[in-house]
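Indexing begins at 1, ligand by ligand and atom by atom, following the structure's order.
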Amino acid sequence: MKYLDEFRDPAAARVLVEHIKRRATRTWTIMEVCGGQTHSIIRNGIDQLLGGAVEFIHGPGCPVCVTPLEMIDRALEIASRDNVIFCSFGDMLRVPGSTQDLFGVRASGGDVRIVYSPLDATQIAADNPDKDVVFFGVGFETTAPANAMSVVHAQRLGLKNFFLLVSHVLVPPAMTAILSSPTNRVQGFLGAGHVCTVMGTSEYGPLVEKFGVPIVVSGFEPLDLLEGVRQLVDLLEDGKVELRNAYPRAVNDAGNVVAQQVLNDVFVVTDRAWRGIGMIPKSGWTLAPRWAAFDAEKKFGVGHMHVQESADCRSGEVLQGLLKPNECPAFGKSCTPRSPLGATMVSSEGACAAYYQFRRLDLAHV
Ligand code: SF4
């Protein structure tokens, strides 16, 4: 496939693998904070190829996985109301809330629709002026600009029946929380390329400086990831603490300035709860006061809903790199993608789902 095959070339991958193995004098512990990278590392067996040179721990990089249970319950509550059309990307429909998921609401007669862009939801609102239309805005800095634009677009159209249920989270505060934890094991980070495409790299320099941990921004294809790891291992072996960009075809220092302007207009930073991790200060976005009329939490009065996570699910430890998915007693037994106990099994970008899809047969023989 043009533009992709060149980043999946086996001969080039072998050169990088050999370099990393030759340079590594010990096992370096590297965290990726991106569900796409987690999926690619496991699907392509990059962790296995590198043997003892690198241990990957899979951080909180899957937006579906870190969306707190209570936010799912708020979505379910709104979607169950009469006169509501609830719109979401498809991956959120199977995420279980306390009692059911959005597919269950749809099966019970709720008007739950899968859309491919938040602007589809504004069109639905324009086509259905007698209904309240809600879009579930989940994700990191990557998906936030389009969601912010949906609110701007709705205002331009004069829509009074479009609302955003906002559950946006930010990567640098999560990295700060991990690095600040007394149980932190991370020696180097692979930076999330798609997040940096929007936000640039400037937020990461202060983290490198404060915590003395190198960060290499990387893409998703096998060669992107291997090049990111190569640069990280070289830095670690040389005792250098630097920020590097190994994804220059998509990322520059400044990022997408136009997208950042929209984000700064529509959202303000707020404290956010992360599923499995808990509250992280200033780690998310919510609608700015001047856009409050589009806030679904306010419109439907669901902000008070709070619930406890299942005590059986250990995704919090998985997300912080303290536990491999297959080390969870429920993995592949009471917890599978068909009946997930936790969100890291629901999304194909979740670490537990990736291990289940690509590793469970190997692990069965261990
Ligand atoms: S295997 Fe299931 S129960 Fe265990 S941590 Fe992963 S999602 Fe949670």
Practice problem: Apply side-chain hydrogen bond (donor to acceptor under 3.5 Å, both in side chains) to D127 and Q123, showing your working. | Solution: CA-CA 6 Å; D127 294 341; Q123 186 59 49; 3.1 Å; yes
Exercise. Go through the steps to decide whether L207 and T176 satisfy the test side chain to side chain contact (heavy atoms under 4.5 Å, CB included), and finish with yes or no.
Key: CA-CA 7 Å; L207 290 182; T176 300; 3.1 Å; yes
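The atoms of ligand 1 that sit less than 4.0 Å from any heavy atom of M345 are 7 (S). In summary, the atoms of ligand 1 found under 4.0 Å from a heavy atom of G342, numbered by their order in the structure, are 7 (S).
The shortest contact between atom 7 (S) of ligand 1 and any protein heavy atom is with T344 OG1, 3.2 Å. C328 SG, 2.3 Å is the protein heavy atom nearest to atom 4 (Fe) of ligand 1. Annotation: atom 2 (Fe) of ligand 1 to nearest protein heavy atom, C335 SG, 2.3 Å.
Taking the centre and axis of the six-membered ring of F7, the NZ or CZ atom of R249 falls inside the cone set by 45° and 6.0 Å. Relative to the ring axis of W28, R26 places its NZ or CZ within 45° and under 6.0 Å from the centre.
If you look at C352 next to ligand 1, the close heavy atoms, those under 4.0 Å, all belong to the side chain.
The aromatic ring centroids of F358 and H39 lie less than 6.0 Å from each other. Aromatic rings from F162 and H153 are positioned such that their centres are separated by 6.0 Å or more.
Contact analysis puts S315 in contact with ligand 1, with a non-hydrogen atom separation below 4.0 angstrom.
For atom 3 (S) of ligand 1, the nearest non-hydrogen atom from the set P337, G350, C313 comes from C313.
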